[in-house]
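Quick notes on the structure that follows.
What you see is a predicted model, and the numbers here were worked out from it, not measured in a lab. To find a chain, count down the sequence lines: A is the first, B the second, and so on, and within it residues start at 1.
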There are 2 protein chains.
Amino acid sequence: MNAETYCIAGRLRMLARIITGRYNDAFTHEGVTFAQAGLLMHIFAQPGVRQAELSKRLQIEKSAMSRDVQLLQKKGWLTDNLRSGLFLTEEGRLLAKRCHKIWKVLNHQVHEELDSDAVQGLSIFSAKVISLQKN
Amino acid sequence: MNAETYCIAGRLRMLARIITGRYNDAFTHEGVTFAQAGLLMHIFAQPGVRQAELSKRLQIEKSAMSRDVQLLQKKGWLTDNLRSGLFLTEEGRLLAKRCHKIWKVLNHQVHEELDSDAVQGLSIFSAKVISLQKN
DNA sequence: CAAACAAAGTTGCATATACAACTTCTCTTT
DNA sequence: AAAGAGAAGTTGTATATGCAACTTTGTTTG
């Protein structure tokens with residue numbers, strides 16, 4: 001390992017921009033961003049989940065989460081009362097299912113393109129960051 | 001390596017949020033975000049650099065870059081003509097130097113906290129993504 | 001029960017980011 | 001030099017994100 005310490009934050013942010021772009025492309029024809037699709041899939045998998053729970057799990061600030069879910073609701077994918085658990089509308093459920101299909105194929109493709117060393121590299125990094133996080 | 005393929009984009013975005021928060025904290029008392037500090041340091045290191053060049057290097061969309069540099073200018077850290085290369089004002093140079101001191105210490109701390117396996121994991125991942133990018 | 005407190009959610013404000021469309025700049029070729 | 005092409009930069013519009021302050025909701029306790 002060389003002594004030249006590159007910027008962890010800068011690198012991560014750049015990678016997130018690159019990969020987010022790739023995922024966004026895959027979802028454009030459904031009219032959603034990756035961030036929206038991700039939330040929809042989380043809510044689909046756990047109907048009634050609270051904002052606070054998603055906020056912790058995804059490490060998104062609660063006010064950002066509040067606005068994200070308001071947007072999903074405005075688009076007609078979430079039922080009315082956002083304060084007592086999140087539930088998909090029928091339209092939201094259908095969309096979430098289509099997103100999941102897209103995601104599954106795409107994520108598999110990306111895993112293959114990056115090869116297992118790269119993916120494992122990210123896993124190791126991720127595990128370490130998360131382990132420090134929980135303190 | 002297990003068969004359960006986690007979401008590369010989701011993971012990266014979460015990590016970027018976590019680490020960005022950490023870096024932002026370190027820069028708050030200078031009144032800059034990490035993103036701003038990073039740009040200042042790049043421009044300090046390469047006076048006269050073009051937006052297009054930074055845009056490619058950091059993989060930030062050109063319109064986003066345009067607004068980022070406009071903000072730096074509004075804050076008094078960049079000289080007038082943004083279309084013919086970016087130059088720091090005296091105030092900008094002083095700030096960039098202070099940011100670099102902060103960054104150096106912080107980035108070193110983070111490298112140590114994460115240990116070399118984690119950092120190397122990110123390097124491997126990063127190298128692979130960037131190699132695919134250049135096609 | 002009522003006041004106090006804590007947790008959850010929202011809103012004001014600011015920044016970071018992308019895509020599409022437009023403008024400006026630069027260079028080449030005639 | 002005029003025209004055209006392509007690169008660079010900007011602007012309109014929308015989303016994603018964070019911090020601080022506020023409101024609402026739920027729990028604890030005197």
#### Entry: Side chain of A/A64 - closest among C/dC25, D/dG18, C/dT15
D/dG18

### Summary
A/F34 atom CZ is separated from C/dA18 atom C1', nearest whole Å, by 16 Å

### Query
OP1, OP2 of C/dT17 versus side-chain N and O of A/R17: anything below 4.0 Å?
yes

### Message
Distance check needed: C/dA18 P versus B/M65 CE, whole Å only.
### Response
9 Å

### Query
Does one side chain, of A/S123 or B/Y6, offer a donor that lies under 3.5 Å from an acceptor on the other?
yes

### Query
Do A/T28 and A/D25 get their side chains close enough for a donor-acceptor pair, meaning under 3.5 Å?
no

### Query
Want to settle it: does B/K75 or A/I18 sit nearer the 5' end of DNA chain C, counting the closest nucleotide to each?
B/K75

### Message
Looking at A/R93 and A/E90, is any side-chain nitrogen of the basic one under 4.0 Å from a carboxylate oxygen of the acidic one?
### Response
yes

### Task
Could you state the atom-to-atom distance from CZ of B/R13 to C1' of C/dA16 in whole Å?
11 Å

#### Entry: Gap between atoms CD and C1', on B/Q36 and D/dG18 respectively (whole Å)
13 Å

### Query
Under the 3.5 Å rule, do the base of D/dC19 and the side chain of A/S63 count as making a donor-acceptor pair?
yes

### Message
Check this one for me: any side-chain N or O of B/R50 less than 4.0 Å away from OP1 or OP2 of D/dG9?
### Response
yes

### Message
Of the options C/dT10, C/dA16, D/dT17, whose atoms approach the side-chain atoms of A/R83 most closely?
### Response
C/dT10

#### Entry: Side-chain N,O (A/S66) to OP1/OP2 (C/dG9) below 4.0 Å
no

### Query
Got a donor-acceptor pair under 3.5 Å from the side chain of A/R67 to the base of D/dG18?
yes

### B/A35 side-chain proximity, nearest of D/dT11, C/dA16, C/dT10
C/dA16

### Message
Whole angstroms only, please: what is the CG-P distance between A/L58 and D/dG18?
### Response
11 Å

### Query
What's the CG-C1' distance between A/N81 and C/dA8, to the nearest Å?
12 Å

#### Entry: d(CG, A/D68; C1', D/dT15) in whole Å
8 Å

### Query
Which part of the nucleic acid, if any, lies within contact of A/T33, taking any heavy atom under 4.0 Å across all strands shown: a base, the sugar-phosphate backbone alone, or nothing?
sugar-phosphate

#### Entry: N-O pairing of B/E30 and B/K101 below 4.0 Å
no

### Query
Rounded to whole angstrom units, what separation is found between the NZ atom of B/K62 and the P atom of C/dC25?
15 Å

### Query
Can you tell me if B/N107 uses its side chain to pair, donor with acceptor, with the backbone of A/I8 under 3.5 Å?
yes

### Task
Tell me whether the OP1 or OP2 atom of D/dT10 has a side-chain N or O from B/Q51 closer than 4.0 Å.
yes

